[in-house]
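Down below is the structure, laid out as structure tokens.
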Amino acid sequence: MGRVNDLDYAEKRARLEDLAPEALAELEAEEEEDEYDLPDLPNAEAHDEIRMRCAPNPNGPWHVGHARMPAVIGTYRERYDGWFCVRFDDTDPETKRPDLEAYDAILDDLDYLGFEPDATYTASDRLETYYDHARDLIELGGAYTCSCSGEAFSELKNSGEPCPHRDKDEATVREEFEAMVDGEYDSGELVLRVKTDIEHKNPALRDWVAFRMIDTPHPREDASEYRCWPMLDFQSGVDDHLLEITHIIRGIDLQDSAKRQQFVYDYFGWDYPDVIHWGHVQLDDYDVTMSTSTISELIEDGELDGWDDPRAPTLKSLRRRGIRGEAIVEAMTGLGTSTTDVDLAMSSIYANNRELIDEETDRRFFVRDGTQVPLAGDPPAEANPPLHPNHEDRGVRDIPVGDAVLLEAEDIPDGDENGEQRIWLKGFGCFRFDDGVLRYTADDIDVVREGGVDVVHWVPADGSVPVRMRTMDGDVTGHAEPGVGDLAADDMVQFERVGFARIDRHGDGKDAETVAYYAHP
RNA sequence: GCUCCGAUGGUGUAGUCCGGCCAAUCAUAUUGCCCUCUCACGGCAAUGACCUGGGUUCGAAUCCCAGUCGGAGCACCA
């Protein structure tokens, strides 16, 4: 037994293969099955092709929570060899006014996450389609124009009473709706309601609004002439059918939508897609709320530098910090699709990212708030720490050392004669701290192996690169070893004992700062 | 007020449909040890959960009822 446990995995597998090949096959088959993070889609086998949509409101670049939708439907698309589109549900030019730059910003965020939609639609291009369906619905007796104020209707609705407009004859409804389409009413004057069940036990489903008038022109020029706009439940319901969506995945805030839209589907004789609702996601570690409008305000007020400020919980921010989209996608699919609210730990995104980048990311020294200490005792002229501890083949860094180094204050020995006064400058050698000077001792590495002498990171006082590292908790300044000045923007480094960071840009001229963005430990 | 959901360790998740294989899976987190020219990686170990109360049953995380807590909708927002 003990001998078996001492074997490593490959050996155990080989031994098992000899002894009981069928048991091994079974074990490995089980492992295969377990590889999915996400549950099976309901009724997947009933469709030739799984078709899904991601339907954002383009009112700003995406925050981290938005990544959940593409992560999940993108993963399902791969798993079922399916299809998904992006559909911009931009049918409110006023309250949720679209931001013209957000359309491309969202597609860009999607690309960062590693997904390309099979098609892209924009609801504000499709108003004529919605009008046509409204006309059909009116003909089926499924809708009526209503001039009640929101308040008055709400009161009637809550007591389960129909409003006087409910029995309007079809010709009048048709006529008034055409006048709505032609923009002959002002905002608030008239709406088109779907006739559902005014006594339905759930008040949320009673005769909801399908179209309303909006005076403010849509920001997209192609849509700026329209004044009669569909509500989400109508627009989205019609589009989901026309795009042959088989599976809708969305938040619990739209829990009642399916039931509302079901009335329209019934009038038209359509089958409603399968729906999955999930709860809200919260992120730990951030002071800023994950909300597009809040972030947008903070940027406007100058509290944040922009959508990619390291303190902003946005995809642009994570991207700038050098976190791969894949790390976010994995964290998101790991959340599953439960209807409960969930807290996503940033540490799980970091752990995924570390796994992706650790092997390929070279090590560098970065000393925060360095204290200068002179060297003595004739040390070597150059230090040569490895680029990566697990990859000797990549070679070493050549760090020319002058007559002084910068150290972090806590790494400098305390000068107490009773304590160990030697430190090992990594990749360089052993020094004894004496009277404010580090004197080279020429001890070999055994003094470290035997314990007692601490290894510290350091940079030469001359030739090091001033660095401003931007973090979630504010900027950190210090100096990185000279070679960092030669790295390209976008290169990742691991500052030893500090963490992973992405090189953002180098400054111009002498003494100009290099800017790096901190990713994670 | 009316109507829907949901509840497994610090976090996420598996198991719940079809009760026993669950003194509960995996990941992450935290701690300790090993490895190591710091960190990271890797290895080993520890920590830590079935919301509460009833019921059904030989047996309940799983089924039933009640309660508690949490979330969502009842918009001319998405």
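All chains are named by letter (A, B, ...) in the order of the sequence lines, taking the proteins before the strands, and each is independently numbered beginning at 1.
- Between the P atom of B:C2 and the CD atom of A:Glu199 lies a distance of 17 Å, rounded to the nearest Å.
- The side chain to side chain contact (heavy atoms under 4.5 Å, CB included) search around A:Glu420 returns A:Arg422, A:Val453, not counting sequence neighbours.
- Residues satisfying the salt bridge (charged side-chain N to carboxylate O under 4.0 Å, His left out) criterion with A:Asp393, sequence neighbours excluded, are absent altogether.
- Rounded to whole angstrom, the span from the CG atom of A:Leu344 across to the P atom of B:G10 amounts to 18 Å.
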Sugar-phosphate atoms are those with a prime plus P, OP1 and OP2; base atoms are the rest. Using that split, label each nucleotide of nucleotides 28-41 of chain B B, S or - for protein heavy atoms under 4.0 Å, 5' to 3'. SS-------BBBBB

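- Rounded to whole Å, the separation between the P atoms of B:A24 and B:G43 comes to 23 Å.
- Spacing between atom NE2 of A:His200 and atom C1' of B:C4 amounts to 11 Å, rounded to whole angstrom units.
- Residues satisfying the salt bridge (charged side-chain N to carboxylate O under 4.0 Å, His left out) test with A:Glu408, not counting sequence neighbours, are A:Arg368.
- Across B:U25 and B:G15, the matching P atoms stand 14 Å from one another, rounded to whole Å.
- Atom name C1', nucleotides B:U36 and B:A46: the rounded distance is 23 Å, in whole Å.
- Scanning for ring pair (Phe, Tyr, Trp, His ring centres under 6.0 Å) contacts around A:Phe153 gives an empty result, with sequence neighbours left out.
- With sequence neighbours excluded, no residue forms a ring pair (Phe, Tyr, Trp, His ring centres under 6.0 Å) with A:His280.
- Between the CG atom of A:Asp37 and the P atom of B:U25 there is a distance of 18 Å, given to the nearest Å.
- A search for salt bridge (charged side-chain N to carboxylate O under 4.0 Å, His left out) contacts involving A:Asp362 returns A:Arg394, not counting sequence neighbours.
- Remark: the separation of the C1' atoms in B:C44 and B:U57 is 43 Å, to the nearest Å.
- Ring geometry for A:Phe428 versus A:Phe431: interplanar angle of 30 to 60°, hence tilted.
- When rounded to the nearest whole Å, the span between CG of A:Asp284 and C1' of B:U11 equals 8 Å.
- Remark: the backbone N or O of A:Thr129 is paired with a side-chain donor or acceptor of A:His133 at under 3.5 angstrom.
- Here the separation of B:A61 from B:C2, taken at their C1' atoms, is 33 Å to the nearest Å.
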Which nucleotides of nucleotides 72-78 of chain B have their base under 4.0 Å from a protein heavy atom (B), which only their sugar-phosphate (S), and which neither (-), written as one string 5' to 3'? SBBSBBB

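- A search for side chain to side chain contact (heavy atoms under 4.5 Å, CB included) contacts involving A:Arg397 returns A:Arg363, A:Arg364, A:Phe365, A:Pro385, A:Leu387, A:Ile399, A:Glu481, A:Glu496, not counting sequence neighbours.
- One atom, CD1 of A:Ile349, and another, C1' of B:G12, lie 12 Å apart when rounded to the nearest Å.
- Rounded to the nearest Å, the gap between the P atom of B:C17 and that of B:C77 is 43 Å.
- Remark: A:Glu151 engages no residue in a salt bridge (charged side-chain N to carboxylate O under 4.0 Å, His left out) (not counting sequence neighbours).
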In dot-bracket form, how is RNA chain B paired, counting a Watson-Crick or G-U wobble pair only if both its distances are under 3.5 Å and using | for bases paired to another strand? (((((((..(((.......[.....)))((((((.......))))))...(((((..]....))))))))))))....

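- With contacts defined as side-chain heavy-atom distances shorter than 4.5 Å, the pair A:Ser147/A:Glu189 does not qualify.
- As rounded to the nearest Å, B:A7 and B:G12 have C1' atoms that lie 15 Å from one another.
- Comparing B:A60 with B:G55, their P atoms are spaced 12 Å from each other, to the whole Å.
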Pair up each side-chain donor or acceptor in residues 203-218 of chain A with any protein partner under 3.5 Å, not counting sequence neighbours, and list the distances.
unit_1   : atom_1 : unit_2   : atom_2 : d
A:Arg206 : NE     : A:Ile198 : O      : 3.4
A:Arg206 : NE     : A:His200 : O      : 2.7
A:Arg206 : NH1    : A:Lys157 : O      : 2.5
A:Arg206 : NH2    : A:His200 : O      : 2.7
A:Asp207 : OD1    : A:Arg166 : NH2    : 3.1
A:Asp207 : OD1    : A:Thr196 : N      : 2.8
A:Asp207 : OD1    : A:Thr196 : OG1    : 3.2
A:Asp207 : OD2    : A:Tyr144 : OH     : 2.5
A:Asp207 : OD2    : A:Arg166 : NE     : 2.7
A:Asp207 : OD2    : A:Arg166 : NH2    : 3.4
A:Trp208 : NE1    : A:Arg260 : O      : 3.3
A:Arg212 : NH1    : A:Thr91  : O      : 3.3
A:Arg212 : NH1    : A:Trp229 : O      : 3.4
A:Arg212 : NH1    : A:Pro230 : O      : 2.8
A:Asp215 : OD1    : A:Ser187 : N      : 3.1
A:Thr216 : OG1    : A:Glu94  : OE2    : 2.4
A:His218 : ND1    : A:Arg220 : N      : 3.0
A:His218 : NE2    : A:Asp90  : O      : 2.9

